[in-house]
Amino acid sequence: MTSQNFNMDHHWLPFTPNRSFKQDPRVFVAADGMHFTTHDGKKVLDGISSLWCVTAGHNRKPINEAIKKQLDTLDYATAFQASNDQAFKASEMIANMAPGDLNKVLFCSSGSEAADTSLKVALAYHRARGEGHRNVFIGRERGYHGVGFGGMSVGGIPANRKAYGTALLPRVDHLRFIHDPVNHAYIHNQEPVWQEDILLELENRILPLHDASNIAAVIVEPVAGSAGWYLPPQGYLKRLREICDKHGILLIFDEVITGFGRMGVNFGADYYGVVPDMLNFAKGVTNGVIPMGGVVCSDRIYNTMMKANEGAPEHAIEFFHGYTYSGHPVACAAAIATLTLFKEEKLFERAGQMGTVLGDAMHSGLKGLPTVIGIRSLGLAGAVEMASIPGSPGKRAYDIFMTCFHNGVLVRPAGENIVLCPPFIVEKEHIDRMVNVVADAIRQHA
Ligand SMILES: Cc1ncc(COP(=O)(O)O)c(C=O)c1O
């Protein structure tokens, strides 16, 4: 098949340079295991789990079969005022995997919806406890929480925000970014140790500025994924938890990327030993095969919301929120099969082991190449950072991405970084291939 076999006039591609795409299309028509097949018959190695989603590898029969079976059993049922058996089973499995008292799952269909859901829960929870004035949110520079107005507002990626002006939520502030490019340029499976306490800014500036009593929640990704795999300083998340507790502020972890095994354990929360009040997930929960997202809330949040309605009539809804596709039975069947497969094949442990292989290969194969200014690896993910081309931010990484694609490897350009985050089934030979292809492309675009 060639690109002439389909008409490209009508699909407006997301987060893609549409004009240049049409000159050099990258169109997948099939996938299996670690590889795609393109429209022009080339094999491409999936070095990024199709954007952190396909963690168990492509075309996994147990997941496919569960979806087919579910379609023939219960294709869809409304989620409002009724539910389906798969939603209860999936939420039980997720709650059992989540740490601490994170036991109540609100489903949605994407990470963006999860972000907005968690922010709305925070406001509704504080209101239910008589603190409706708590309506300030704190995100972090370079954080990514999707493209809804809430997630975009607490997010800190300038290009995603710049067109939306006053449409962004008004009462939002941002923690400073967590990277020190001088002292922590090269990090492999260790936590960056900072001399400085970078959360003093929260305690000494941001909280007093808004008054801590007005702050509803802090939302962070345990590891900043979309920005380019930037790791938190040692002790950062524990200290963030303590500060939030001290001031009655909810802590939300956006684990859309770090959740379900990427760090070699269930969640980033487990890796760092910190339990948030809400944990957002999406992507890998269904191996990316069917859209699903969600927020796991603490018992405390749920119980507070229920208690606030104690005197209300039986038909009173406690939380006016939900999506038509919340807990879609086919998505839930996909999640159940995916989570079962993770367990049966011990894929999280494998992600941890292969993470060391990936990090070793990236540090030994890419450090010292022209323009490379940093490499960060942790769990089964790593980023190599290149010097920016003056006046053309992001161009070098984009060119490297294109060259890698033409050489048969899908990588992720993120700012000045190239990110590798392969499926957990990755083998050493795939890692070596990815790193060699990236190394050649870096040399070519130096
Ligand atoms: C941490 C995080 N939150 C939210 C999202 C948004 O997810 P979605 O694209 O499914 O809306 C992403 C997507 O990459 C993400 O990495």
Side-chain angles (χ1 to χ4, degrees), residues 12-16 46-55 106-122 137-157 159-161 169 172 174-175 177-178 217-232 237 251-263 267-269 271-272 276 278-296 323 325-326 328 331 334-335 338 378-381 383 410-415 417 419-421:
W12 188 344
L13 287 96
F15 276 122
T16 300
D46 187 353
I48 59 167
S49 310
S50 286
L51 213 50
W52 313 89
C53 290
V54 184
T55 52
L106 281 163
F107 283 119
C108 55
S109 301
S110 69
S112 299
E113 289 176 349
D116 283 15
T117 297
S118 64
L119 300 178
K120 287 179 70 177
V121 169
F137 292 114
I138 312 288
R140 191 168 62 202
E141 288 171 353
R142 312 272 283 270
Y144 184 64
H145 305 290
V147 294
F149 278 102
M152 194 167 58
S153 303
V154 291
I157 296 188
N160 293 348
R161 298 163 50 89
L169 297 185
V172 173
H174 291 81
L175 298 164
F177 190 45
I178 48 173
V218 173
I219 178 168
V220 292
E221 303 158 87
V223 178
S226 292
W229 209 238
Y230 290 96
L231 316 177
L237 294 171
L251 178 60
I252 306 168
F253 279 179
D254 186 336
E255 297 236 25
V256 165
I257 281 178
T258 50
F260 296 110
R262 183 59 62 185
M263 319 278 296
F267 295 99
Y271 186 89
Y272 288 105
M278 281 180 261
L279 187 155
N280 299 357
F281 64 89
K283 296 193 186 252
V285 65
T286 57
N287 206 33
V289 173
I290 302 271
M292 176 185 265
V295 180
V296 198
Y323 301 91
Y325 298 127
S326 296
H328 192 296
T338 301
L378 182 70
L380 186 52
L410 181 67
V411 302
R412 171 80 181 144
N417 300 282
V419 178
L420 297 176
C421 48

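In what follows, residues are counted from 1 in the order of the sequence shown. Counting starts at 1 for both ligands and their atoms, following the listed order. Just so it is clear, the model here is predicted, and its values are computed rather than measured.
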For [atom], which protein heavy atom lies nearest, and how many Å away is it?
atom                    : value
atom 2 (C) of ligand 1  : Y144 O, 3.4 Å
atom 11 (O) of ligand 1 : S112 OG, 2.5 Å
atom 16 (O) of ligand 1 : I257 CD1, 3.2 Å

Atom indices of ligand 1, in the order listed, that fall short of 4.0 Å to a heavy atom of [X]:
X    : result
G146 : 4 (C), 5 (C), 6 (C)
D254 : 1 (C), 2 (C), 3 (N), 4 (C)
H145 : 3 (N), 4 (C)
S110 : 10 (O), 11 (O)
S226 : 14 (O), 16 (O)
E221 : 1 (C)

Any side-chain to backbone donor/acceptor pair from [X] onto [Y]? Under 3.5 Å, distance only.
X    : Y    : answer
S50  : V54  : no
R161 : S153 : yes
H174 : I138 : no
W229 : L378 : yes
D254 : V256 : yes

task: Run the contact test for G225 against ligand 1 with a 4.0 Å cut-off on heavy atoms, strictly below, and give the result.
output: no

- prompt: Quick one: does K283 get within less than 4.0 Å of ligand 1, heavy atoms only?
  reply: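 Distance cut 4.0 Å: K283 passes for ligand 1.
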
message: I need the minimum non-hydrogen distance between M152 and V147, along with the two atoms involved.
response: SD-O, 4.3 Å

- line: For A331 and P291 the tightest heavy-atom approach is CB-O, 3.7 Å

message: For the 3.5 Å polar cut-off, considering only N or O atoms, please tell me whether G111 and ligand 1 meet it.
response: yes

field: Heavy-atom side-chain contact between V289 and T338 under 4.5 Å
entry: no

- prompt: Given V223, V147, V256, which has its nearest heavy atom closest to atom 15 (C) of ligand 1?
  reply: V256

field: Spacing of OH belonging to Y325 relative to OG belonging to S110, to within rounding of 0.5 Å
entry: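 One gets 13.0 Å once the value is rounded to the nearest 0.5 Å.
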
